[in-house]
Enquirer: 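Next up is a structure, given as structure tokens.
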Amino acid sequence: MEDDPVIIHVVVKESNKPEGAPRTAVPFFAEYFDTLSGVMLGCSESIGDVTVRLTSTAGDWYETEFDTSDGAVLVPASGLSGHYVLTIETADHTVYEGEFYL
């Protein structure tokens, strides 16, 4: 399973948005690369530092800070068979999540 896109969606809505306000487009995009043994996570706009966490049923647990002004970061993954969850939390506590299976 090489070069597979990871679909990312909002899990927890921005706390400062009024109820019924239009959804914000997800600024993150990610793709798993077998040859890099990881997920390349990018951001289409600079929104400051975010916390990125990758966990899996294969035993992965990795957490890092990602400065979105850098454009992209490689998040290491074991590549072992399992269910992987990529969680991204912004400074305003908006949570985005993507999942994939290997």
Side-chain angles (χ1 to χ4, degrees):
M1 180 179 209
E2 185 172 338
D3 304 353
D4 290 322
V6 178
I7 306 303
I8 299 174
H9 58 275
V10 178
V11 178
V12 178
K13 190 172 151 185
E14 294 103 326
S15 57
N16 59 353
K17 283 204 166 202
E19 190 63 36
R23 288 183 70 157
T24 306
V26 175
F28 298 100
F29 51 92
E31 192 167 343
Y32 173 76
F33 289 94
D34 187 46
T35 54
L36 297 175
S37 297
V39 175
M40 186 62 71
L41 172 65
C43 192
S44 59
E45 57 189 90
S46 179
I47 58 173
D49 290 349
V50 298
T51 301
V52 178
R53 186 177 313 109
L54 180 74
T55 58
S56 77
T57 57
D60 294 82
W61 195 96
Y62 179 81
E63 184 173 291
T64 191
E65 291 294 314
F66 167 37
D67 180 352
T68 57
S69 67
D70 291 341
V73 65
L74 181 64
V75 180
S78 67
L80 298 173
S81 294
H83 175 234
Y84 290 75
V85 178
L86 183 68
T87 305
I88 305 149
E89 185 172 353
T90 65
D92 71 355
H93 302 293
T94 301
V95 178
Y96 297 88
E97 190 173 90
E99 61 184 329
F100 60 100
Y101 293 87
L102 295 179

Enquirer: According to ring-ring contact (aromatic ring centres under 6.0 Å, His included), does anything in residues 51-89 pair up with another residue at least two apart or in another chain? List the pairs.
Expert: His83-Tyr101, Tyr84-Phe100

Enquirer: Roughly how far, to the nearest 0.5 Å, is CD of Glu31 from CD1 of Ile7?
Expert: 10.0 Å

Enquirer: Please name all residues satisfying side chain to side chain donor-acceptor pair (under 3.5 Å) with Thr68, sequence neighbours left out, ordered by chain then number.
Expert: none

Enquirer: Check residues 37-52 and write down every donor-acceptor pair under 3.5 Å in which the side-chain atom is one partner and the other belongs to a residue at least two apart or another chain.
Expert:
{"residue": "Ser44", "atom": "OG", "partner": "Pro27", "partner atom": "O", "Å": "3.2"}
{"residue": "Thr51", "atom": "OG1", "partner": "Glu65", "partner atom": "OE2", "Å": "2.8"}

Enquirer: List the atom of Gly82, the atom of Thr57, and the distance in Å for their closest heavy-atom pair.
Expert: CA-OG1, 3.3 Å

Enquirer: What residues form a salt bridge (charged side-chain N to carboxylate O under 4.0 Å, His left out) with Glu63, not counting sequence neighbours?
Expert: Arg53

Enquirer: Run the side chain to side chain donor-acceptor pair (under 3.5 Å) test against Ser56 and tell me which residues pass, sequence neighbours left out.
Expert: Asp60

Enquirer: Of the non-hydrogen atoms in Pro76 and Leu54, which two are nearest, and what is the gap between them?
Expert: O-CD2, 3.2 Å

Enquirer: I'd like to check the side chain to side chain donor-acceptor pair (under 3.5 Å) partners of Ser69; sequence neighbours left out, ordered by chain and number.
Expert: Asp67

Enquirer: Hydrophobic clusters here meaning ILVMFWY residues chained together by side-chain heavy-atom distances under 4.5 Å, can you tell me if Phe29 and Leu36 are in one?
Expert: no

Enquirer: Are Val85 and Val95 linked, directly or through other ILVMFWY residues, by side chains that come within less than 4.5 angstrom of each other?
Expert: no

